[in-house]
Amino acid sequence: MVWGLLATSLVVILAGAELFTNGIEWFGRKLELAEGAVGSVLAAVGTALPETMIPIIAILFGGGSAAAEGVGIGAILGAPFMLSTLAMFVTGVAVIVVARGRPDRTSMPVDTTVLAHDMRYFAIAYAIAIGAAFLPLEPVWLKWIVAVGLIAIYAWYVKGHFEADASVDATDLAPLRFRRLDRRGLERDPEVPRLRVVNFQVLAAVAFILVGAIFFVDAVEHLATNLGIQETLLALVVAPIATELPEKFNSIIWVRQGKDTLAMGNITGAMVFQSAIPTSVALVFAPATWVAGPGSYLAFTSAGIAFLASAAIFLPMARSGRLRGRGLLVGGAFYVTYLVIVGIGVSSG
């Protein structure tokens, strides 16, 4: 039963990711948006919904219990870590797999300006968020000010992407999957679908991703319980893998299509979003739990590794002006390192 639910939910997430990548590209084309806005903002926010809902629900609707808020904080800190390590590694593997069909092997034809923009904002927002954990609990409005600042940073980040020049052309896009649902639109223009059917496909895709992720996480939790996996290991390692599946699938799909800026922007944009928005919710509604201490060292260690992994991947890009698929594989090494740290922490605890 659990394995069947796991497989079914995985198929639903995959279907949702395929529909989403196709639909969000057409959405960007219809609104004449740049690749950065499509990948780093629209796609990133859409696929970040599963892992974002976990901490928000835990904090806002968990009854104020320490356990619920602890799950929420762990999920918030775990998302950038998973994106900067495992998601990067999976994308790097995808690039290497399709390297034979590329003119420059594993060199990724990305817009480094877009990715540098994302990583600057991630470093600033996440550093501020982590720094807020060292603020005193009183007065509480200090953390509220930080939350407002993080939201403002993200708004300014989005503004920068939406003001960039459009770079998505209809000739670069596969036909909209739901285009046949709009017969009147096909009669008017068989090549370019109407915005209403594009919107419908995007919303349907997000629904697929959300439902699939919810059932996938539930199946993973039941499986972990049956296998005797400890709750700490489940919260810090197993559950984040499940909730980050949409970003991983989207990036693999775009890498296969040769759209590496969208593939990488989907990850880096999600990192910026996760460092600012869910963190702001925690700072406002659960300020007492956003505190660095002996009991939270595993969670905050993941934040440190997220910074190190990001630096190891993107500083070489900044120096050379290009990004290679094999350079993303370093994320896997950081992920394994954290698994070792968690294993030691869980066994000693």
Side-chain angles (χ1 to χ4, degrees), residues 36-37 39-56 58-59 71-88 114-135 143-161 236 240 243-244 246-248 251 264-287 289-292 296 298-315 331 334-335 338:
S40 297
V41 179
L42 299 180
V45 172
T47 54
L49 287 177
E51 66 264 31
T52 303
M53 294 306 295
I54 291 177
I56 290 178
I59 291 172
V71 169
I73 300 305
I76 292 171
L77 290 169
F81 160 72
M82 294 298 297
L83 290 166
S84 61
T85 57
L86 193 57
M88 293 293 182
V114 170
L115 301 185
H117 175 81
D118 289 357
M119 296 314 297
R120 280 195 299 270
Y121 276 87
F122 165 71
I124 293 170
Y126 206 41
I128 292 173
I130 299 304
F134 296 90
L135 291 175
K143 293 193 176 184
W144 293 354
I145 290 176
V146 175
V148 172
L150 288 173
I151 293 173
I153 287 172
Y154 187 73
W156 192 258
Y157 159 80
V158 171
K159 178 177 179 290
H161 273 310
L236 292 175
T243 56
E244 300 297 339
E247 283 92 349
K248 297 183 185 75
S251 295
M264 290 300 300
N266 185 44
I267 298 173
T268 56
M271 290 170 65
V272 181
F273 178 82
Q274 294 291 354
S275 66
I277 304 305
T279 304
S280 301
V281 174
L283 288 170
V284 172
F285 295 100
T289 61
W290 195 262
V291 178
S296 60
L298 282 177
F300 281 92
T301 297
S302 71
I305 291 180
F307 278 119
L308 292 174
S310 300
I313 292 171
F314 291 101
L315 285 181
F334 281 101
Y335 178 72
Y338 185 66

Item to check | Partners passing side chain to side chain contact (heavy atoms under 4.5 Å, CB included) against I145 (at least two apart in sequence or in another chain) | outcome: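 Side chain to side chain contact (heavy atoms under 4.5 Å, CB included) list for I145, sorted by chain: W141.
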Checklist entry - Mind checking what makes side chain to side chain contact (heavy atoms under 4.5 Å, CB included) contact with L308, not counting sequence neighbours? => result F334
Give me the atom names and distance for the closest heavy-atom approach of [X] to [Y].
| X | Y | answer |
| --- | --- | --- |
| A129 | S275 | CB-O, 3.9 Å |
| A270 | A44 | N-CB, 3.2 Å |
| L115 | G265 | CD2-N, 3.9 Å |
| A132 | V146 | CB-CG1, 3.9 Å |

Item to check | ring-ring contact (aromatic ring centres under 6.0 Å, His included) against Y121, all qualifying residues, sequence neighbours excluded | outcome: H117, Y157
Checklist entry - Sequence neighbours excluded, which residues qualify as ring-ring contact (aromatic ring centres under 6.0 Å, His included) partners of F314? => result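 Partners of F314 under the ring-ring contact (aromatic ring centres under 6.0 Å, His included) test: none.
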Checklist entry - Got a sec, which residues hit side-chain hydrogen bond (donor to acceptor under 3.5 Å, both in side chains) with S310, two or more places apart in sequence or on another chain? => result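 For S310 there are no side-chain hydrogen bond (donor to acceptor under 3.5 Å, both in side chains) partners, ignoring immediate neighbours.
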Which pairs of donor and acceptor atoms, one on a side chain in residues 75-85, lie under 3.5 Å apart (sequence neighbours left out)?
| from | atom 1 | to | atom 2 | distance (Å) |
| --- | --- | --- | --- | --- |
| S84 | OG | P80 | O | 2.9 |
| S84 | OG | F81 | O | 3.1 |
| T85 | OG1 | F81 | O | 2.6 |

Checklist entry - Please walk me through it: do L150 and L283 pass side-chain contact (heavy atoms from CB on, under 4.5 Å)? => result CA-CA 10 Å; L150 288 173; L283 288 170; 3.9 Å; yes
Checklist entry - Between atom CD1 of I267 and atom CG of D118, what is the distance when rounded to the nearest 0.5 Å? => result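 Going from CD1 on I267 over to CG on D118, the span is 11.0 Å.
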Checklist entry - Between CE of M88 and OG1 of T268, what distance do you get to the nearest 0.5 Å? => result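 Rounded to the nearest 0.5 Å, the CE-OG1 separation comes to 6.5 Å.
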Item to check | Option among F122, F273, Y126 that satisfies the ring pair (Phe, Tyr, Trp, His ring centres under 6.0 Å) test with Y154 | outcome: F273
Next on the checklist: Main chain of K248, side chain of S251: is a donor-acceptor contact present, judged purely on distance under 3.5 Å?
Outcome noted: no
